[in-house]
Colleague: 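Here it is, the structure, as C-alpha cells.
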Amino acid sequence: MPELPEVEVIRRGLAPRLVGRRFLTVEVGDKRLRQGSSPGQLARWLTGRRLMELNRRGKYLIFRLEGGATLLIHLGMTGRLLLGVPRNHGPHVHLFFTLEGGVTLAFQDVRRFGQALVFAPGEPLIPLEQVGREPFSRRVTPEWLAERAQGRTRPLKNFLLDGRVVAGIGNIYACEIMFAAGVHPATPAGALSLEAWQTVLNETRRILKRAIRQGGTTVNDYLNSRGETGLFQVELMVYGREGEPCRRCGSNIKRLVQAGRSTFFCPRCQPKKRHFS
DNA sequence: CTATAAACCTGCTGGC
DNA sequence: TGCCAGCAGGTTTATA
C-alpha cells in the first residue's frame, strides 16, 4: 500500500517514540512474511539494543541499532506499523516489539507481502542495493532522467514505477504525476524532451511533498503509526476515478493496464503528442 | 533490452 | 443469500 509519502509519514511518526529506546522483547507470529528473518536472528540483534536512527530509502525503513545491526522493513501492499496496539490486535500481527518506557510496535500485514530482515553489523544490506535515487536528491536532474531514458521505448508509466531508477513512486503517485505533468502514460520514456523531464520532476516533488504534508493517501488499507488515515486521497485527480469527469477539463477519466497495473489518466489533459523531443 | 505474466497472500466488491 | 470473477498501495522471477 504504502509509497514514499506513506512510508515517510510512518517514519516521522515512529522516530520520536522509538529512537533512543532499547528493544526489550521481539515476538514473531507463526505465519511467514514473504521475506522475514528468523525469530532467533531478530531476537539476537534487537533484544537489549538501543535504536540509534530510523531512516528511509525508497519504500524501505531502516532501523539502525546499537552495536551496528540493521533492521530493514518494507510494508509491501498492506503492511502497517502501529504504536501502542495489543499483541492480539487482529489476526495479522506478524511481529510485535516491546521497548523501554512501555512502548510497543506491531507489524501487521494482511497479505504478507512485507519484509522484515535483520542484518548483522557490516553485512551488506542487499535489498537496498536495488533501490534507485531519492526523488528529492540533487543527483536527480532532468538531464540524468533523460540519460537513463535514452533509447528506451518503455512507457513513461513503467519507467516511473521502476524503483531502480527513482525510488518510492508507486501506482497512485505515478498516475498523479503524469496527470500533473500533462503527459500520456504510454509515451515512450526515451521520447520525452528535457523540458518534459523538468516538468515531470517538478510535479513528482510537488506531489510527493504535498502527500507527505497531508499524511499520505488512504485508498483501502493505509494507516499511519497512530492508526490514522491519510488525507491526500481527496486531492487525487485521476487515480481510481475511471469513468468520472476530469477535475480539470471534465473529460471522462480512462483506465488502461500497464505492466499489469491499472493506469488512470485524462485523455484530454494528457495527449499523446505533447512533450516529445 | 522489452514487456507481459505469474508468483507471493487475504479480503472486499459487484454481478448474476 | 451464495458463488465467482476481478481487483487491490509492491517486488521478484520466469518466459517470450
Side-chain angles (χ1 to χ4, degrees), chain A residues 1-11 29-36 56-61 72-81 89-95 107-117 125-132 147-178 185-191 207-208 211-212 214-224 228-236 238-243 255-264:
Chain A
M1 46 144 76
E3 305 182 30
L4 184 152
E6 290 74 34
V7 178
E8 180 60 22
V9 168
I10 289 169
R11 189 193 70 78
D30 2 310
K31 290 190 177 174
R32 281 274 183 83
L33 293 171
R34 190 159 174 279
Q35 282 196 68
R56 180 191 58 74
R57 272 287 282 128
K59 298 168 189 167
Y60 281 93
L61 286 169
L72 288 188
I73 287 190
H74 192 294
L75 299 171
M77 293 274 253
T78 53
R80 293 172 179 165
L81 284 168
H89 187 259
H92 303 296
V93 173
H94 308 300
L95 293 173
F107 182 14
Q108 180 189 53
D109 186 357
V110 170
R111 289 173 74 182
R112 282 187 276 139
F113 287 0
Q115 304 174 29
L117 296 168
L125 307 178
I126 294 161
L128 296 188
E129 291 169 3
Q130 299 296 317
V131 178
E147 190 212 310
R148 291 298 303 263
Q150 173 84 25
R152 301 298 190 84
T153 59
R154 70 194 309 204
L156 176 62
K157 169 76 180 314
N158 302 29
F159 185 88
L160 290 177
L161 276 184
D162 187 345
R164 296 168 303 183
V165 184
V166 177
I169 300 172
N171 209 30
I172 294 178
Y173 296 111
C175 293
E176 296 298 311
I177 289 163
M178 291 184 293
T187 308
I207 287 170
L208 296 180
I212 292 169
Q214 293 299 88
T217 302
T218 299
V219 172
N220 285 319
D221 305 301
Y222 169 70
L223 298 176
N224 69 20
E228 303 158 334
T229 68
L231 295 173
F232 193 73
Q233 61 276 12
V234 307
E235 298 185 27
L236 295 177
V238 287
Y239 182 83
R241 300 192 65 244
E242 182 184 17
R255 182 178 85 99
L256 59 90
V257 175
Q258 295 176 291
R261 326 276 311 270
S262 290
T263 301
F264 300 89

Colleague: Would you check if there is a donor-acceptor pair between the side chains of A:Thr78 and A:Arg111 at a distance under 3.5 Å?
Modeller: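 No, A:Thr78 and A:Arg111 have no side-chain donor paired with an acceptor closer than 3.5 Å.
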
Colleague: In whole Å, what is the span from the CD atom of A:Gln35 to the P atom of C:dT13?
Modeller: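 So the CD-P distance, A:Gln35 to C:dT13, works out to 8 Å.
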
Colleague: Given the P atoms of B:dC9 and C:dT13, what is the spacing between them in whole Å?
Modeller: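 Their P atoms lie roughly 15 Å apart.
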
Colleague: The side chain of A:Arg111 is closest to which nucleotide in this list: B:dC9, B:dC8, B:dA3?
Modeller: B:dC9

Colleague: Report yes if the ring of A:Phe113 lies under 5.5 Å from the six-membered base ring of B:dC9 with planes under 30°, and no otherwise.
Modeller: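 Stacking is absent between B:dC9 and A:Phe113, given that the ring centres and planes do not meet under 5.5 Å and under 30°.
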
Colleague: Hey, does the side chain of A:Thr78 come within less than 4.0 Å of B:dG11's phosphate (OP1/OP2), counting only N and O?
Modeller: no

Colleague: Please report, rounded to the nearest Å, how far the P atom of B:dC1 is from the CZ atom of A:Arg164.
Modeller: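 In whole Å, B:dC1 P lies 10 Å from A:Arg164 CZ.
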
Colleague: Out of C:dA8, B:dT10, C:dT11, which has the shortest distance to the side chain of A:Lys59?
Modeller: C:dT11

Colleague: Less than 3.5 Å between a donor and an acceptor, one on the side chain of A:Arg261 and one on the base of C:dA8, is that the case here?
Modeller: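 No such pair is found, so the answer is no.
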
Colleague: As an exercise, state the distance from CD of A:Glu176 to CG of A:Leu236, rounded to the nearest 0.5 Å.
Modeller: 4.5 Å

Colleague: What I'd like to find out is whether the side chain of A:Leu81 reaches to under 4.5 Å of the side chain of A:Leu61, using heavy atoms alone.
Modeller: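 They are in side-chain contact.
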
Colleague: Between B:dG11, C:dG10, C:dA8, which nucleotide gets closest to the side-chain atoms of A:Tyr239?
Modeller: C:dA8

Colleague: Expressed in angstrom and rounded to an integer, what is the separation of A:Met77 atom CE from B:dG11 atom P?
Modeller: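 Computing the A:Met77:CE to B:dG11:P distance gives 15 Å.
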
Colleague: Just how far, in rounded Å, is C1' of B:dC1 from CD of A:Gln150?
Modeller: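 Between C1' of B:dC1 and CD of A:Gln150: 14 Å.
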
Colleague: Determine: side-chain N/O of A:His92 to OP1/OP2 of B:dT10, distance under 4.0 Å, yes or no.
Modeller: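 A:His92 to B:dT10 OP1/OP2: no side-chain N or O under 4.0 Å.
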
Colleague: Taking atom types as modelled, find out whether A:Tyr222 and A:Glu3 have a side-chain donor-acceptor pair closer than 3.5 angstrom.
Modeller: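 Looking only at side-chain atoms, A:Glu3 and A:Tyr222 do not form any donor-acceptor pair under 3.5 Å.
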
Colleague: Let's test this: given Watson-Crick or G-U wobble pairing with both distances under 3.5 Å, identify the partner of B:dC9.
Modeller: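 Its partner: none found.
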
Colleague: Does A:Met77 reach the side chain of A:Phe113, with side-chain heavy atoms less than 4.5 Å apart?
Modeller: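 Heavy-atom side-chain distance check passes, below 4.5 Å.
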
Colleague: For the side chain of A:Arg152 and the base of B:dT2, is some donor closer than 3.5 Å to an acceptor across the two?
Modeller: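 Looking at the base of B:dT2, it does not pair with any donor or acceptor on the side chain of A:Arg152 (distance under 3.5 Å).
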
Colleague: In whole Å, what separates the P atom of C:dC3 from that of B:dC8?
Modeller: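 The answer is 25 Å between these two P atoms.
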
Colleague: Can you identify which nucleotide, out of B:dG11, B:dT2, C:dG10, has its nearest atom closest to the A:Arg34 side chain?
Modeller: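 Nearest to the side-chain atoms of A:Arg34, counting from C-beta on, is C:dG10.
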
Colleague: Whole angstroms only, please: what is the CD-P distance between A:Gln258 and B:dT4?
Modeller: 8 Å

Colleague: From the list B:dG11, B:dC9, C:dG10, which nucleotide is the closest neighbour of the side chain of A:Arg112?
Modeller: B:dC9

